[in-house]
J.: 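Mind looking over this structure? Questions follow.
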Amino acid sequence: MTILELSDLEERPAPRRDRFGRYLIRPAAGGQPRAYTRATTWAKALDDMEGLINWSMRMTAVGLTARPDLYAQVAACRPGDDKLKGLAEEAKEAGGGSAGRNVGSALHAFTERVDLGEEVAVPDPWRADVDAYK
């Protein structure tokens, strides 16, 4: 059996998964790889959608106040106009709708690089989070 160093790989191999898409991870005590359900899957099962819907509506309202051009376009639409969905998405984004997702994705990227043994220059606002992960 040949053992490859991470530096020998041009592209990281995709993680092994079972037929349900769950990651197959070898237990710390050894043995055969076992399927584990991701934490986000549990969170979705436990969380009702009311909080997310309310948050989305708040971000859209904030975005409309931040972008008078979007407010004007929404006001000019007829009820049921197909353009309203796109305008609402733009308003939600203007209200900061993807800010949390973007920070979360960056934190995952930082911790992935830490796991690979790379030196990572983490900006001040998130350094404590990555240090806690280490």
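We use all heavy atoms of the structure for the numbers below, so side chains are in, but hydrogens, waters and symmetry mates are not.
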J.: Heavy atoms only: give me the nearest Leu87-Gln73 pair and the separation to one decimal.
T.: CD2-OE1, 2.9 Å
J.: State the CD-NZ distance between Glu90 and Lys85, to the nearest 0.5 angstrom.
T.: 13.5 Å
J.: Mind checking the CE-CG spacing from Met59 to Asn54? Nearest 0.5 Å is all I need.
T.: 11.0 Å
J.: Examine Arg34 relative to Tyr36 and say whether NZ or CZ is less than 6.0 Å from the centre of the six-membered ring and inside a 45° cone about the ring axis.
T.: yes
J.: To the nearest 0.5 Å, what is the distance between NZ (Lys92) and CZ (Arg58)?
T.: 12.0 Å
J.: For Phe110 versus Val120, what's the shortest heavy-atom pair and its separation?
T.: CD2-CG1, 3.5 Å
J.: Kindly check if the number of other-residue, nucleotide or ligand heavy atoms within 6.0 Å of CZ (Arg16) is above 12?
T.: no
J.: Around atom CD of Gln32, are there more than 12 heavy atoms of other residues, nucleotides or ligands at under 6.0 Å?
T.: no
J.: Provide the closest heavy-atom pair for Gly31 versus Pro27 in the form atom of the first, atom of the second, distance.
T.: O-CD, 4.4 Å
J.: So which heavy atom on Pro33 is nearest to which on Leu24, and how close?
T.: CB-CB, 4.1 Å
J.: Locate the shortest heavy-atom distance separating Tyr23 from Pro15; write the atom from each residue and the value.
T.: CE2-CG, 3.5 Å
J.: Counting only heavy atoms not in Asp82, do more than 12 sit closer than 6.0 Å to its CG atom?
T.: no
J.: Which atom pair, heavy atoms only, marks the closest approach of Arg78 to Leu84?
T.: O-CD1, 3.8 Å
